[in-house]
Undergrad: 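Take this structure, written in structure tokens, and hold onto it; I'll ask about it next.
Note that the coordinates shown come from a computational prediction; the quantities given were computed from them, not determined experimentally. Chain letters run A, B, ... following the sequence lines, proteins first and then strands; every chain starts at 1.
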Number of protein chains: 2
Amino acid sequence: MSPLPSGLLGDLDPTSDRAVFRQIADQLREAIDRGRFHEGDKLPSEADLVEHYGVSRMTVRNSFSILQGEGLVHAEHGKGVFVRPRPPVRRLASDRFARRHREQGKSAFIVEADAAGSHPQVDSLEVKEEKASTDVSARLGSVRRVLARRRRYLLDGRPVEFATSYLPLDIARGTQIAEPNPGPGGIYARLEELGHRLNHFEEEIRARMPSPAEVKTLRLASGVPVIHLIRTAFDTEGRAVEVCDTVMAADAYVLSYQLPAT
Amino acid sequence: MSPLPSGLLGDLDPTSDRAVFRQIADQLREAIDRGRFHEGDKLPSEADLVEHYGVSRMTVRNSFSILQGEGLVHAEHGKGVFVRPRPPVRRLASDRFARRHREQGKSAFIVEADAAGSHPQVDSLEVKEEKASTDVSARLGSVRRVLARRRRYLLDGRPVEFATSYLPLDIARGTQIAEPNPGPGGIYARLEELGHRLNHFEEEIRARMPSPAEVKTLRLASGVPVIHLIRTAFDTEGRAVEVCDTVMAADAYVLSYQLPAT
DNA sequence: CTTGCCCACTCGTCTATACGAGTATGCATG
DNA sequence: CATGCATACTCGTATAGACGAGTGGGCAAG
């Protein structure tokens with residue numbers, strides 16, 4: 001247990017009314033911000049800090065837990081506490097559903113990830129008929145049952161997004177949309193072939209902390225929120241033909257929209 | 001210290017390899033999800049749970065800290081731990097900058113909040129010239145200095161959003177845009193009067209955990225992420241005439257966009 | 001050289017205790 | 001009745017100790 005390089009971290013201010021564990025967290029945070037520790041670097045161990053500050057181990061752990069909650073660091077059992085690297089982000093532009101992007105055979109996700117040089121995967125594919133939730137039913141116009149298409153998207157082995165599409169049975173049942181592989185251009189291409197020419201989409205965006213289930217399927221580190229996006233697709237007759245419910249790891253995404261000023 | 005109503009919470013499973021504090025958190029979470037506790041309800045005190053489960057206080061506190069991290073509950077010193085109420089959300093539609101909304105005298109925020117029956121406020125108004133950050137400079141096209149307009153928005157006394165607009169000095173200096181009150185229709189109306197007819201906006205959206213400073217200015221409860229929105233306004237000549245950097249309390253907002261399918 | 005074990009170091013979980021500080025309530029005092 | 005204090009309850013902070021479990025390096029045996 002080598003002593004901490006002096007000057008790396010300061011001393012505590014016993015006269016301060018700021019709690020000791022907060023002071024320690026502040027100093028670590030500042031050291032990270034100032035670049036004393038870089039992404040992926042190992043922070044001093046709990047034992048190091050116990051010795052350096054002369055406090056008990058629980059106090060140090062308390063400090064770490066603050067930084068974890070902020071998403072700044074993550075602990076690895078048996079190894080140490082590390083500065084959390086910012087993962088590469090995926091940019092979603094608002095024209096990502098434009099018809100011209102729908103021509104080729106591969107899905108938008110695959111094409112885009114390949115172009116960005118990362119390795120895309122889709123798994124947990126599940127297609128089945130089920131009872132519509134209240135919310136989905138309201139959005140699709142009072143349908144009882146729907147076709148649900150679930151899938152998880154991964155980039156370089158890391159899950160980044162979990163999405164479920166809901167479609168009214170009278171549209172989707174018996175079509176290729178009900179097959180695991182919906183064919184080139186995805187379900188939007190199939191919908192248009194079926195006569196539902198798409199007119200516009202509505203997207204609702206929320207951000208919140210993940211549920212335990214979401215932590216699991218997206219393998220989220222603590223302190224990482226999710227972006228919850230609900231998209232409704234409307235055809236030219238004004239009918240809602242699909243609702244897509246997407247939960248994204250917030251640290252992996254930047255959403256981008258272009259709005260007319262008219 | 002009245003005993004806990006039996007049946008409200010279950011027992012621990014000593015054979016489970018799930019940590020005790022997680023089991024307790026699970027049971028509390030489930031009880032909340034099932035509606036055994038409603039928004040604003042007080043959960044059993046730490047002492048109650050210590051007695052009920054026969055564990056130490058730190059273990060119970062550990063459970064609570066999980067739920068706090070999820071944004072499910074919040075603790076009040078001297079009172080207890082409560083189920084966090086879902087605050088009313090503000091919906092931001094993608095047409096909120098349409099020209100027709102810019103006619104009246106009051107700001108969009110005030111009009112909209114009044115209509116929703118809540119009491120809007122704007123404070124911390126600050127207008128000054130300053131050095132442009134790298135990011136802002138890049139977005140505005142390599143300007144050195146900018147006019148910055150900072151303000152905080154509150155609904156019913158609660159801060160919900162903190163925004164800063166940056167404008168190139170050659171556009172804003174000496175105009176009403178540089179005054180604390182930009183006049184009816186806001187700075188977008190002034191920009192158009194100055195000959196910068198607006199063509200479109202670009203919005204970039206991220207979600208992340210707040211910095212300590214953001215926790216303070218937005219008075220955020222723990223477990224509440226922020227939505228970080230960066231909007232760039234372009235005039236008909238393709239020039240970026242304003243960058244607006246907005247940090248919103250994520251539990252107070254739903255963003256809504258409408259996209260053409262073309 | 002390879003295999004396998006031991007050991008040191010790491011964080012994870014849990015107990016027990018202590019005192020501080022904010023809140024609410026009831027009771028005694030004025 | 002009103003004021004103010006005592007008190008009990010709440011969570012906040014901190015200490016000290018114990019054992020468990022994952023990781024990785026070194027060393028000894030094969």
Undergrad: So what does B:F64 hit on the nucleic acid, given a heavy-atom distance under 4.0 Å: a base, only sugar-phosphate, or nothing?
TA: nothing
Undergrad: Name all residues meeting the ring-ring contact (aromatic ring centres under 6.0 Å, His included) criterion together with A:Y153; count only those two or more places apart in sequence or in a different chain, and write none if there are none.
TA: A:F109
Undergrad: Quick one: are B:F64 and B:L49 in side-chain contact, heavy atoms under 4.5 Å?
TA: yes
Undergrad: Any side-chain N or O of A:S56 below 4.0 angstrom from OP1/OP2 of D:dG17?
TA: no
Undergrad: Less than 4.5 Å apart, side chain to side chain, heavy atoms only: is that true for A:E161 and A:T246?
TA: yes
Undergrad: Among D:dG12, C:dT13, C:dT10, which nucleotide has an atom closest to any side-chain atom of A:R57?
TA: C:dT13
Undergrad: Under a 3.5 Å distance rule, please check whether A:R84 uses its side chain to pair with a backbone N or O of A:G71 as donor and acceptor.
TA: yes
Undergrad: For the pair made of CD1 in B:I24 and P in C:dC14, what is the distance, rounded to whole Å?
TA: 8 Å
Undergrad: Would one find a side-chain N or O of A:R61 under 4.0 angstrom from OP1 or OP2 of C:dG12?
TA: yes
Undergrad: Any chance the side chains of A:H119 and A:D114 put a donor and an acceptor closer than 3.5 Å?
TA: no
Undergrad: Check whether any side-chain heavy atom of B:V81 lies under 4.5 Å from a side-chain heavy atom of B:Q68, and answer yes or no.
TA: no
Undergrad: What's the closest nucleotide to the B:F21 side chain, out of D:dT15, C:dC14, D:dT10?
TA: C:dC14
Undergrad: Between B:K42 and B:M58, which residue's closest nucleotide on DNA chain D lies nearer the 5′ terminus?
TA: B:K42
Undergrad: Under 4.5 Å between any side-chain heavy atoms of B:L43 and B:F82, yes or no?
TA: no
Undergrad: Select base, sugar-phosphate, or nothing to describe what B:R18 touches, counting heavy atoms under 4.0 Å on all strands.
TA: nothing
Undergrad: To the nearest 0.5 Å, what is the distance between CG on B:L155 and CZ on B:R90?
TA: 6.5 Å
Undergrad: Rounded to the nearest 0.5 Å, what's the gap from CD on A:E51 to OG on A:S45? Could you check?
TA: 9.0 Å
Undergrad: Quickly work out the A:E51 CD to C:dC9 C1' distance and round it to whole Å.
TA: 14 Å
Undergrad: Does anything in residues 66-82 of chain A reach DNA chain D, meaning a heavy atom under 4.0 Å, and if so which residues?
TA: A:H77, A:G78, A:K79
Undergrad: Report the nucleotide, chosen from D:dG12, C:dC14, D:dT10, that has the shortest atom-to-atom distance to any side-chain atom of B:A19.
TA: C:dC14
Undergrad: Nearest whole angstrom, please: distance from the P of C:dT15 to the OH of B:Y53.
TA: 13 Å
Undergrad: Whole angstroms only, please: what is the CG-P distance between A:D17 and D:dT13?
TA: 11 Å
Undergrad: So, OP1 or OP2 of C:dT10: does either fall under 4.0 Å of a side-chain N or O from A:S45?
TA: yes
Undergrad: In residues 209-225 of chain B, which residues come under 4.0 Å of DNA chain D by heavy atom?
TA: none
Undergrad: Should A:R22 be listed as having a side-chain N or O under 4.0 Å from OP1 or OP2 of D:dT13?
TA: yes
